[in-house]
Amino acid sequence: MVDSTQISTSKAIQQRTGKTFHLATRLLPERVRHATYVLYAFFRVADDVVDTTEDRDEDAQRAELEAIRSAALGDDPEPGRLDDETAEVVAAFAELAERYGIPDEDVETFVDAMLTDLERTRYDTHEELASYMRGSAVAVGNMMVAVMDVDDPESAAPHAAALAEAFQLSNFLRDVKEDVEDYDRVYLPGETRREHGVTVDQLRGGEVTPGFRDAMRAELARTEAKYREGVAGIAYLPEDCQFAVLLSAVLYADHHRLIREREYDVLSATPSLSTTRKLWLLAKTRALWAFYSDPEYVFYRASCVSSSADHRRGHGDPHPTP
């Protein structure tokens, strides 16, 4: 059984590295909240292996990821391969995976995606990027559906996958500067860059050209379509989980507002939500939820993403701020 020390360690990792998601996680019922701390910590310790910026050793990184894979699947990793914190988190994850019936396939796919980050830094098409996100995002969504104990997982899963992809795509769009400077990674697909005349050298040089703004505008629209698909499935989740997931969507999507306010300049600085803004969105979303309790309606009232109908008409948020 996952013990209080493992939960505390996992919670501390989320507090330190995922402040936006931590705010929403705190609103989950305890039966899901503690498991979510562990899941997030597992994703983070694996991600941290490939996001090392100093003294990179790809062979050592691969070996550590394989040790994480082994431990997560319930096997014994090579002694000394994992540090104490990582070993504690992965052991807790392995227990949760068994308890909630998380398929080995999702664990394998996730770790494979982390290994991909060591080997690949460019994606030529949206389909290639989507293939990567099947491990880095969709597998994560599948695991969350499992720990929430969703009544109809088959109906919920496609929407959970879309929402997980939306969150990751928002992170990619927010973090263009950090990804290219620190890791030489570019998640803007090559087909989008070619269409708008954007080069990797321009990204490295921080050149916010009209073409770059057009590329960002197109990718924001693509990502917001994922939010619409994802939010449409929140109603399939247990009632005591819906608000926390809805708030996560509102918070992550608000980075799009920041990006647009900066006229798509994510190359001179990385947009970041202030604590005040997060609390305001929490209060606004909670007030709307108290009146309507409809995830889709509240999302389009609380977030910067327009509904499908308003998007087709060319409008933004059609609703007044309460």
Q. Any luck finding a side-chain donor-acceptor pair between H126 and E191 under 3.5 Å?
A.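 H126 vs E191: donor-acceptor pair found between side chains.
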
Q) Side chains of D117 and Y132: is there a donor and an acceptor less than 3.5 Å apart? A)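 On atom types as modelled, these side chains qualify, holding a pair under 3.5 Å.
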
Q: Would you please name every residue forming a side-chain contact (heavy atoms from CB on, under 4.5 Å) with P158, sequence neighbours left out?
A: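 With neighbours one apart ignored, the set is empty.
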
Where do [X] and [Y] come nearest, in terms of heavy atoms and distance?
X	Y	value
Y264	V208	O-CG1, 4.4 Å
D106	M143	O-CE, 3.7 Å
A249	Y227	O-CE2, 3.7 Å
T9	E88	OG1-OE2, 3.1 Å
T121	D184	CB-O, 3.1 Å

**Q.** Point-to-point distance, once rounded to the nearest 0.5 Å, from CD1 of I259 to CG of L220
**A.**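 If I round to the nearest 0.5 Å, the distance is 5.0 Å.
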
Q: Run through E128, E219, R222 and flag the one making a side-chain contact (heavy atoms from CB on, under 4.5 Å) with P189.
A: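 Only one of E128, E219, R222 forms a side-chain contact (heavy atoms from CB on, under 4.5 Å) with P189, namely E219.
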
Q: Decide if the gap between the ring center of H22 and the ring center of Y40 is smaller than 6.0 angstrom.
A: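 Distance test on ring centres: not under 6.0 Å, no.
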
Q. Should the pair Y252 and F167 be assigned to parallel (<30°), tilted (30 to 60°) or perpendicular (>60°) ring geometry?
A.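 Parallel, since the angle between the ring planes stays under 30°.
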
Q. What's the verdict on salt bridge (Lys or Arg N to Asp or Glu O under 4.0 Å) for R174 and D179, showing C-alpha distance, side-chain angles and the deciding distance?
A. CA-CA 10 Å; R174 178 196 65 192; D179 285 335; over 6 Å; no

Q. How is the hydrophobic cluster of L258 composed, in terms of its other members, when Ile, Leu, Val, Met, Phe, Trp and Tyr link through side-chain heavy atoms under 4.5 Å apart, directly or indirectly?
A.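 Joined to L258, directly or through intermediates: L273.
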
Considering only distance and modelled atom types, tabulate donor-acceptor pairs under 3.5 Å from the side chains of residues 195-202, sequence neighbours left out.
| unit_1 | atom_1 | unit_2 | atom_2 | d |
| --- | --- | --- | --- | --- |
| T199 | OG1 | Q202 | N | 3.1 |
| D201 | OD1 | R204 | NH1 | 2.9 |
| Q202 | OE1 | T199 | N | 3.0 |

